[in-house]
Amino acid sequence: MVKNLLSINDLTKKEILDLINFSNNFIDDEGNFRKEDLFPDKTVANIFCEPSTRTKMSFAVAAGNLGCNILDFNIDSSSIQKGESIYETIDALNLMGVDLCVLRHPDSVIRELAEQLPNMVFINAGEGSISHPTQALLDMKTIINHKSNLDGLKIVIVGDLDHSRVTSSFVEGIANFDIEELVFCGHPEMCNKYMNTDFGIYEPDMEKALKDADVVMTLRIQYERFEKDLNLDLEGYKNTYQLSSEKLGFAKSDAIIMHPGPVNYIEITEAVYDSENSVIREQIANGVAIRMAVLSRFLSS
Ligand code: CP
C-alpha cells in the first residue's frame, strides 16, 4: 500500500475492498464504534483550510477511538494569518512530532507537500473540486452494505457535478467495478465535465436518468465555487432537478438515496431525505468507520 492517501486512484480494487471490509471491524453488533487504544503514541493533525463538519469531526472521532492524540488545527488563529505557508505550517508540525496530517485545502497542494515532507503521512480530506478519497470509500461502503456489491448496478449522480470532488473520486473508485450503467444528470451549466465521457452518459431529463436506478446520489449546488454569479431560477431548477418523491418513483422501489452532505433541500426534498430509501445518515456514520480503517492502515505502514 502507498504511504499517503492522496487519491482513490492510489488504491487497487483489492485495497479498496480490504479497507471497506476492515472498517466493519470497528463497528460492534449494536452499531457502536469500538474504542481501541491501538495508537497511543501517534499524533494526528486535522488541518482544514476549507469548512467541514462531517469529514473533520469524523476524522477526530476516528482518531480518538483509536487512541491517537488528535490536534485540531484552527487556520483562523494560526500563523497562516501572519503569512506562513501551508508547507511551513506542516513542516513545523512535523518537527513537533506529528505523525499524520489530514488535510483539506482549496488548491491542489497535497501531492507537492507529500514530496517535500517525506516523513509526514498525508490523508487527503478534500482537494478543491478534484478529490475526496475517504468520501468515495464511505460511499462505496454504504452501497455495498445495501446492495452486496457494486457490480451490475445502475448509478445516477444528479446535481452540481462540475464542482464536486465527491463525484470525481467516486467515479474513479467505481471504475474498478462492473457498473451496469452510470448516468450523470443536472443543469447543463453544472455538468460540463460529464457531458462526453467514456465511463458514463449525460442525461438532462431526470425522469429518463432515474429510470430503474439502483443508487441515486444527489449533490448540492456549490455556490461558493462558481466564479461568476449564478443567475438561477431556483423554482425552475427544483422542478427539473430536485429529487422529489414523485421523481423517486422512476427509480427502482429499493433504490438507495445518497448525499455527501451538507444538504440544502434544493437538490432533494425533506420527504425524500427522510424516506426509507435514504441512506444519507448512514453515510455519516460510515464515515467514522472508514476513517478508523484508513487511519489504522496508514499509521501502521
Ligand atoms: N461530505 C463532506 O465532505 O462534508 P463536510 O464538508 O461537512 O466535511
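For ligands, and for the atoms within them, numbers begin at 1 and follow the listed sequence.
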| message | Is it the case that ligand 1 has an N or O less than 3.5 angstrom from some N or O of Thr53? | response |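 N/O-N/O distance under 3.5 Å: yes.
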| field | Geometric N/O contact Pro260 with ligand 1, under 3.5 angstrom | value |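 Such a contact does occur with ligand 1.
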| task | Measure the distance from atom 6 (O) of ligand 1 to every protein heavy atom, then report the residue, atom name and distance (to 0.1 Å) of the closest one. | result |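 For atom 6 (O) of ligand 1, the nearest protein heavy atom is Arg104 NH1, 3.0 Å.
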| request: Report the nearest protein non-hydrogen atom to atom 2 (C) of ligand 1: residue, atom name, distance rounded to 0.1 Å. | output: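 Answer for atom 2 (C) of ligand 1: Thr55 OG1, 3.5 Å.
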| request: Give the ring-plane orientation class for Tyr194 versus Phe184, where under 30° counts as parallel, over 60° as perpendicular and anything between as tilted. | output: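 Geometry flag for Phe184 against Tyr194: tilted rings.
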Hey, does [X] sit under 4.0 Å from ligand 1 if you only count heavy atoms?
X: Met57; value: no
X: Glu50; value: no
X: Gly126; value: no

| message | Tell me which one of Asp99, Leu117, Thr89 satisfies side-chain contact (heavy atoms from CB on, under 4.5 Å) with Asn94. | response |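 It is Leu117, the one option of Asp99, Leu117, Thr89 that forms the side-chain contact (heavy atoms from CB on, under 4.5 Å) with Asn94.
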| Under 3.5 Å side-chain donor-acceptor pair for Asn124 and Glu127 |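 The criterion, which ignores hydrogens and geometry beyond distance, is satisfied for Glu127 and Asn124.
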| Checking Arg291 against Phe59: charged group under 6.0 Å from the ring centre and within 45 degrees of the axis? |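 Yes, a cation-pi geometry.
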| request: Select the closest option to atom 3 (O) of ligand 1 among His132, Gln283, Arg54, judged by heavy-atom distance. | output: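 The nearest heavy atom belongs to His132.
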| field | Selection from Ala125, Ser58, Ser52, Gly287 by shortest heavy-atom distance to atom 5 (P) of ligand 1 | value |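 Nearest option to atom 5 (P) of ligand 1, by heavy atoms: Ser52.
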| request: State the atoms of ligand 1, each with its element, that fall below the 4.0 Å cut-off from a heavy-atom position in Gly261. | output: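 Under 4.0 Å from Gly261, ligand 1 has these atoms: 1 (N), 2 (C), 4 (O).
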| message | Any carboxylate oxygen within less than 4.0 angstrom of a Lys/Arg side-chain nitrogen, looking at Asp214 and Lys252? | response |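 Counted as a salt bridge, because a side-chain N and a carboxylate O are separated by less than 4.0 Å.
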| said: One thing to verify: whether Glu50 and Arg225 come together as a salt bridge, which I'm taking to mean a side-chain N less than 4.0 angstrom from a carboxylate O. | reply: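 Looking at Glu50 together with Arg225, the answer is yes, because their closest N to O distance falls below 4.0 Å.
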| At a non-hydrogen distance cut-off of under 4.0 Å, which region of Arg165 contacts ligand 1 (side chain, backbone, both, or neither)? |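 No part of Arg165 is near ligand 1 at this cut-off.
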| field | Polar side-chain atom of Asp107 near backbone of Val109 as donor-acceptor pair, under 3.5 Å | value |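 No, because the side chain of Asp107 does not come within donor-acceptor range (under 3.5 Å) of the backbone of Val109.
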| So, His105 versus Phe48, ring centres under 6.0 angstrom or not? |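 No; Phe48 has its ring centre 6.0 Å or more from that of His105.
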